[in-house]
Amino acid sequence: MAALIKRLSRFFINKKLLCGLLEEEMDLEQVDVRVNEESVVLHDVRLRPEALNALLPPECPVQLQSVRVGRLMLKLPSMSGWNAMSGADMTPVAITASDIDILFVPNDGEEVGCPAPMPNMMSDSLLDR
């Protein structure tokens, strides 16, 4: 049963959650499902810099050239939390990242890569915080 849950989690991560953001799909060895803790831990996540650069405003003085997250933990709501997600008592998903390597390069007005069109899934710009 644990292997099935791990495979389903990997499918959801690759095809829905991080679709378009990953340099390559996650392997089963990179996904650690912790059912008792209601969490999923991803190891050695490599993100597409051009996808993240598309989220930055054009006047941003830097662009991302490479992004690697050594450990990404998603703390999921319990089953009762999923039932409440349709109402005002929505339980948030907590995301914790560690061992992050980001290589920035100056933005000289030229595109580092050709940003892929991204659906508007984020409500805030990365610089609004």
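All heavy atoms count here, side chains included; hydrogens, waters and symmetry mates do not.
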With the side chain counted from C-beta on, respond yes when [X] and [Y] share a heavy-atom pair under 4.5 Å apart, and no when they do not.
X	Y	answer
Pro49	Glu23	yes
Leu72	Val41	no
Asp101	Val67	no
Arg48	Leu21	no
Val40	Asp32	no
Lys75	Thr96	no
Asp44	Val69	no
Leu18	Leu42	yes

Problem set entry | Heavy-atom pair of closest approach, residues Leu74 and Ile95 |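 What the structure gives for the nearest pair is CD2-CG1, 3.5 Å.
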Exercise. Looking only at heavy atoms, which two atoms of Val33 and Ser9 are closest? And how far apart?
Worked result: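 Nearest heavy atoms, Val33 then Ser9: CG2-OG, 3.5 Å.
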Exercise. Is Asn53 reaching over with its side chain to a backbone N or O of Gln63, donor-acceptor style, under 3.5 angstrom?
Worked result: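 No: the side chain of Asn53 does not pair with the backbone of Gln63.
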Problem set entry | Donor-acceptor under 3.5 Å (Gln65 side chain, Phe104 main chain) |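 A pair under 3.5 Å: no.
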Exercise. Is the CD atom of Glu24 crowded by more than 12 outside heavy atoms at less than 6.0 Å?
Worked result: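 12 or below, so no.
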Exercise. With a cut-off of 6.0 Å (strictly less than), are more than 12 heavy atoms of other residues, nucleotides or ligands near CZ of Arg68?
Worked result: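 Counting other residues, nucleotides and ligands, CZ of Arg68 exceeds 12 neighbours.
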For this session: Verify side chain to side chain contact (heavy atoms under 4.5 Å, CB included) between Val105 and Val62, making sure each step is shown before the conclusion.
Result: CA-CA 6 Å; Val105 294; Val62 295; over 6 Å; no
Exercise. If two hydrophobic side chains count as joined below 4.5 Å and joins carry through other members, does Phe12 share a cluster with Leu28?
Worked result: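 In one cluster with Phe12: Leu28, no.
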Exercise. Are the charged groups of Lys15 and Glu25 less than 4.0 angstrom apart, N to O?
Worked result: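 A salt bridge is present here (some side-chain N lies under 4.0 Å from a carboxylate O).
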Problem set entry | Residues Asp27 and Arg10 bridged, charged N to O under 4.0 Å |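 Judged by the 4.0 Å cut-off on N to carboxylate O distance, Asp27 and Arg10 do not form a salt bridge.
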Exercise. Which value, rounded to the nearest 0.5 Å, describes the distance between Leu47 atom CG and Leu64 atom CG?
Worked result: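 With rounding to 0.5 Å, CG (Leu47) is 9.5 Å from CG (Leu64).
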For this session: Under the salt bridge (charged side-chain N to carboxylate O under 4.0 Å, His left out) rule, what do Arg71 and Asp99 come out as? Steps first, then yes or no, please.
Result: CA-CA 6 Å; Arg71 184 174 185 270; Asp99 190 21; over 6 Å; no
